[in-house]
Structure formats: structure tokens, C-alpha cells
*Asks:* 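Shown below is the structure under consideration.
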Amino acid sequence: MIDKIIQEVDMLDRHLDVFQMVVDNEPIGIVKMSNELGYDHHEIRYSLRLLEEESLIDPTQQGATTTDETEPFIGNLDEQIDETRARLIAMKSGE
């Protein structure tokens, strides 16, 4: 059960790595992200597709770029992570 959560956290970490690369280097393509981050091309593609579905990036011929949704998402990210962390800590046995 916990293994699935760990896998999801690892995947979220990759999505956020890819997202940060777009924010810092837009427009940026799959090959450059793969070389810089060390993820396989298919992993980068999957993360980009998810980020596009969330309206956080737009694909262009020059590479991925940010959207109007990027800033609000970044502004709330730390709070969402902190809330999730607090929920996980509350689940610890004996607490």
C-alpha cells in the first residue's frame, strides 16, 4: 500500500522537475529536458502531457511554454505540499 504512494510521489517529483524546467527555460523541448534532467523521452512526454492537461503549459513548435495558470499554481504549491505533509504525519501510528 505504501509502495504505491512512494511511486506516486516519485512521479509527482518528476512532473515538478519538468514543470520547473519549462518555467526556467521556456520554450524548451523534450530532448533538452531529457538531457538536463536524466529522464527518458517517454517520461518527459508523459509529464508534459499531464502538465498540458492541467493547463500549466502549452506545446509550441519551439517547445513547451508556460500559461496564465502557471503563476497561481506556483503560488499555491508550497501550501498544498505542506497540507499533504501534515496529513501524512497525522497518519503515523501512535500520534
Side-chain angles (χ1 to χ4, degrees):
M1 182 167 52
I2 297 297
D3 290 343
K4 285 186 84 171
I5 294 170
I6 292 169
Q7 289 173 350
E8 289 293 325
V9 169
D10 288 344
M11 193 178 318
L12 176 61
D13 189 39
R14 185 184 77 227
H15 297 328
L16 291 175
D17 284 346
V18 169
F19 181 60
Q20 191 63 55
M21 281 290 289
V22 174
V23 170
D24 293 342
N25 301 288
E26 67 178 312
I28 186 166
I30 292 169
V31 173
K32 184 171 183 177
M33 279 190 267
S34 180
N35 291 339
E36 296 279 327
L37 295 173
Y39 297 118
D40 292 336
H41 291 199
H42 72 275
E43 293 173 312
I44 299 289
R45 265 190 228 97
Y46 179 76
S47 293
L48 289 171
R49 186 176 16 217
L50 181 129
L51 293 167
E52 182 183 359
E53 288 172 3
E54 294 291 323
S55 300
L56 296 173
I57 65 157
D58 279 329
T60 70
Q61 288 187 342
Q62 293 79 28
T65 61
T66 58
T67 69
D68 293 340
E69 301 296 319
T70 300
E71 286 294 322
F73 176 81
I74 291 171
N76 292 325
L77 183 59
D78 286 346
E79 183 179 336
Q80 290 178 329
I81 290 172
D82 288 343
E83 288 172 3
T84 302
R85 182 177 180 267
R87 288 184 65 192
L88 289 169
I89 289 170
M91 289 181 204
K92 288 174 68 173
S93 64
E95 294 189 25

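Numbering starts at 1 and runs along the sequence shown. Nothing here was measured: the structure is a model prediction, and the numbers come from that model.
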*Asks:* If you draw a 6.0 Å radius around CG in Asn35, do more than 12 non-hydrogen atoms from other residues or ligands fall strictly inside?
*Replies:* yes
*Asks:* Tell me whether Met11 is reachable from Tyr39 by hopping between hydrophobic residues (I, L, V, M, F, W, Y) whose side-chain heavy atoms are closer than 4.5 Å.
*Replies:* no
*Asks:* So how far is it from Thr65 OG1 to Ile28 CD1, rounded to the nearest 0.5 Å?
*Replies:* 12.0 Å
*Asks:* Determine the minimum heavy-atom distance between Ser47 and Arg14, stating which atoms define it.
*Replies:* OG-NE, 3.0 Å
*Asks:* Can you label the angle between the His15 ring and the Tyr46 ring as parallel, tilted or perpendicular, going by 30° and 60°?
*Replies:* tilted
*Asks:* Once rounded to the nearest 0.5 Å, what's the spacing between atom CZ of Phe73 and atom OG1 of Thr67?
*Replies:* 10.5 Å
*Asks:* Could you state the interatomic distance from CD1 (Ile30) to CE (Met21), rounded to the nearest 0.5 Å?
*Replies:* 12.5 Å
*Asks:* Find out whether Met33 and Val22 are in side-chain contact, i.e. whether some heavy atom of one side chain is under 4.5 Å from a heavy atom of the other.
*Replies:* yes
*Asks:* Taking Val9 as the starting point, is it possible to reach Leu37 by hopping between hydrophobic residues whose side chains are less than 4.5 Å apart?
*Replies:* no
*Asks:* Assess whether side chain to side chain contact (heavy atoms under 4.5 Å, CB included) is satisfied between Leu77 and Leu16, documenting all intermediate values.
*Replies:* CA-CA 10 Å; Leu77 183 59; Leu16 291 175; 4.1 Å; yes
*Asks:* What's the shortest heavy-atom distance between Ala64 and Leu48, and which atoms?
*Replies:* CB-CD2, 4.0 Å
*Asks:* If I compare all heavy atoms of Leu56 with all of Glu69, which pair ends up nearest, and what's the gap?
*Replies:* CD2-O, 3.7 Å
*Asks:* Any link between Leu88 and Ile81 through a network of hydrophobic side chains (Ile, Leu, Val, Met, Phe, Trp, Tyr) touching at under 4.5 Å?
*Replies:* no
*Asks:* So, taking the atom named CG in Asp82 and the one named CD1 in Ile89, what distance separates them when rounded to the nearest 0.5 Å?
*Replies:* 9.5 Å
*Asks:* Rounded to the nearest 0.5 Å, what's the gap from NE2 on His42 to CZ on Arg49? Could you check?
*Replies:* 10.5 Å
*Asks:* Any chance you could measure Met91, atom CE, to Ile5, atom CD1, to the nearest 0.5 Å?
*Replies:* 7.0 Å
*Asks:* Nearest heavy-atom pair of Pro27 and Thr60: which atoms, and what distance?
*Replies:* CB-OG1, 4.5 Å
